[in-house]
Amino acid sequence: MIVSIKPVYEIYREKPLNEKNISIDHFVPWSYVAHDELWNLTPTTRSINSSKSNSLPDWNFYFPMLCKSEYLSYKLMWEYPEVHKAFDKCAKEHLNNQEIRHKLYQQGLSEREFSERLEEVILPVYKSAKSMGFSNWRLKG
């Protein structure tokens with residue numbers, strides 16, 4: 001839905017996405033988190049998703065881009081009623097922790113506030129996956 005409203009760029013190569021080439025990636029691999037929580041999902045292409053596989057994206061390089069992409073979605077959710085309705089529908093299945101929902105998706109957050117809160121949620125999970133042996137990944141080429 002967001003792709004039809006505003007250009008969306010995937011975070012690994014910063015290429016534009018469209019309805020035909022979009023795929024959803026788990027920033028921290030699904031094989032570690034075993035969930036589809038919204039805060040851990042990012043749009044990308046099938047080929048990049050396949051290339052990343054079960055690796056952790058380089059935190060310092062990709063996390064700032066993840067924040068930018070997630071904040072765009074957050075802003076559009078509050079600007080467009082149809083996006084908010086779709087968010088609410090998805091949140092029922094993909095946002096199970098109400099504390100995280102309140103922390104990340106309350107109205108009126110600045111980009112900095114949103115990014116800090118997203119980091120508070122994802123970084124401990126990321127570090128845990130890293131300590132369990134998930135390898136670091138950075139897109140080549």
Side-chain angles (χ1 to χ4, degrees), residues 1-132 134-141:
M1 178 180 281
I2 291 174
V3 170
S4 67
I5 295 171
K6 194 165 191 133
V8 173
Y9 295 85
E10 56 86 20
I11 66 171
Y12 303 117
R13 207 182 297 158
E14 297 186 89
K15 298 284 183 180
L17 294 168
N18 60 53
E19 293 167 1
K20 292 181 180 150
N21 72 353
I22 198 166
S23 178
I24 302 299
D25 176 49
H26 292 78
F27 191 78
V28 176
W30 187 92
S31 59
Y32 181 73
V33 295
H35 66 63
D36 294 326
E37 295 285 314
L38 290 175
W39 51 264
N40 189 46
L41 302 177
T42 185
T44 190
T45 64
R46 285 184 188 92
S47 63
I48 291 174
N49 198 359
S50 188
S51 168
K52 180 179 158 280
S53 188
N54 288 323
S55 301
L56 290 165
D58 182 278
W59 182 267
N60 294 326
F61 194 76
Y62 294 117
F63 183 72
M65 291 183 267
L66 176 68
C67 289
K68 184 179 176 180
S69 175
E70 291 294 314
Y71 189 70
L72 169 67
S73 298
Y74 163 83
K75 279 181 32 180
L76 293 176
M77 175 188 66
W78 290 108
E79 289 175 27
Y80 292 88
E82 66 271 22
V83 175
H84 198 104
K85 186 176 180 182
F87 168 82
D88 284 340
K89 184 177 178 184
C90 286
K92 288 177 186 171
E93 298 282 327
H94 302 288
L95 198 52
N96 295 309
N97 184 313
Q98 292 306 306
E99 183 181 333
I100 290 174
R101 182 176 181 159
H102 178 72
K103 179 185 271 193
L104 282 178
Y105 302 105
Q106 65 177 280
Q107 192 168 10
L109 297 177
S110 69
E111 187 168 0
R112 181 174 173 217
E113 289 170 318
F114 182 87
S115 297
E116 288 171 353
R117 291 172 183 209
L118 184 59
E119 183 172 11
E120 288 173 10
V121 171
I122 294 182
L123 187 57
V125 178
Y126 183 95
K127 284 181 175 180
S128 180
K130 195 167 198 76
S131 73
M132 294 299 291
F134 282 78
S135 61
N136 198 50
W137 176 85
R138 196 153 167 189
L139 186 64
K140 293 177 175 85

Partner residues of [X] under the side chain to side chain contact (heavy atoms under 4.5 Å, CB included) criterion, sequence neighbours left out:
| X | value |
| --- | --- |
| I24 | L41, P43 |
| S23 | R46, N49 |
| K130 | L56, Y126, N136 |
| E113 | L109, S110 |

With heavy-atom distances below 4.5 Å as the criterion, would you say the side chains of [X] and [Y] are in contact?
| X | Y | result |
| --- | --- | --- |
| Y12 | P57 | yes |
| D58 | W137 | no |
| S69 | Y9 | no |
| L104 | Y74 | no |

message = Go through it in stages, so that I can follow the logic: the residues are V33 and N40, the test is side chain to side chain contact (heavy atoms under 4.5 Å, CB included), and I'd like the CA-CA distance, side-chain angles, deciding distance and then a yes or no.
response = CA-CA 9 Å; V33 295; N40 189 46; 3.7 Å; yes
Residue list, side chain to side chain donor-acceptor pair (under 3.5 Å) with [X], at least two apart or on another chain:
| X | result |
| --- | --- |
| S31 | N54 |
| S73 | none |
| Y32 | S128 |

ask   = So which heavy atom on H102 is nearest to which on Q106, and how close?
value =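 For H102 and Q106, the tightest heavy-atom pair comes out as O-NE2, 3.1 Å.
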inquiry  = For S55 versus S135, what's the shortest heavy-atom pair and its separation?
reply    =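 It is OG-OG, 3.3 Å.
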request  = Apply side chain to side chain contact (heavy atoms under 4.5 Å, CB included) to the pair Y105 and W39, showing each step before the final yes or no.
outcome  = CA-CA 10 Å; Y105 302 105; W39 51 264; 3.9 Å; yes
request  = Using the test salt bridge (Lys or Arg N to Asp or Glu O under 4.0 Å), find all partners of E116 that sit at least two apart in sequence or belong to another chain.
outcome  =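 So E116 forms a salt bridge (Lys or Arg N to Asp or Glu O under 4.0 Å) with R112.
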inquiry  = Run the side chain to side chain contact (heavy atoms under 4.5 Å, CB included) test on T45 and K15 for me, step by step, so that the C-alpha distance in whole Å, both residues' side-chain angles and the decisive distance to 0.1 Å come before the verdict.
reply    = CA-CA 9 Å; T45 64; K15 298 284 183 180; 5.9 Å; no
Flag, side chain of S51 to backbone of S47, donor-acceptor distance under 3.5 Å =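 Here the side-chain-to-backbone pair does not exist.
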Do any side-chain atoms of residues 75-91 form donor-acceptor pairs under 3.5 angstrom with protein atoms, and if so which ones, sequence neighbours left out?
| unit_1 | atom_1 | unit_2 | atom_2 | d |
| --- | --- | --- | --- | --- |
| H84 | ND1 | M77 | O | 3.3 |
| D88 | OD1 | R101 | NH2 | 2.9 |

request  = Give, for atom NE2 of H35 and atom NE2 of H94, the distance between the pair rounded to the nearest 0.5 Å.
outcome  =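 Separation between the atoms: 12.0 Å.
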key: Interatomic spacing from CG in L17 to CD1 in I22 - rounded to 0.5 Å   =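 Here the interatomic distance stands at 5.0 Å.
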key: H26 and W30 aromatic ring geometry - parallel, tilted or perpendicular at 30°/60° bounds   =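 Perpendicular: the ring planes of W30 and H26 meet at over 60°.
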inquiry  = Applying salt bridge (Lys or Arg N to Asp or Glu O under 4.0 Å) as the test, list every pair that has at least one member in residues 16-37; sequence neighbours left out.
reply    =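 Sorted result for residues 16-37: D25-K52.
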query = Taking only residues at least two apart or on different chains, which pairs with a member in residues 61-74 satisfy salt bridge (Lys or Arg N to Asp or Glu O under 4.0 Å)?
reply =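 Pairs touching residues 61-74 that pass the test: none.
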Name every donor-acceptor pair, under 3.5 Å, that has one atom in a side chain of residues 117-124 and the other anywhere in the protein, sequence neighbours excluded.
| unit_1 | atom_1 | unit_2 | atom_2 | d |
| --- | --- | --- | --- | --- |
| R117 | NH1 | K103 | O | 2.9 |
| E120 | OE1 | K103 | NZ | 2.9 |

query = So among L139, N21, I11, which one has a side-chain contact (heavy atoms from CB on, under 4.5 Å) with I48?
reply =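 So, applying the side-chain contact (heavy atoms from CB on, under 4.5 Å) to I48 and each of L139, N21, I11, only L139 qualifies.
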message = side chain to side chain contact (heavy atoms under 4.5 Å, CB included) for V28 and F134? Distances and angles first, verdict last.
response = CA-CA 9 Å; V28 176; F134 282 78; over 6 Å; no
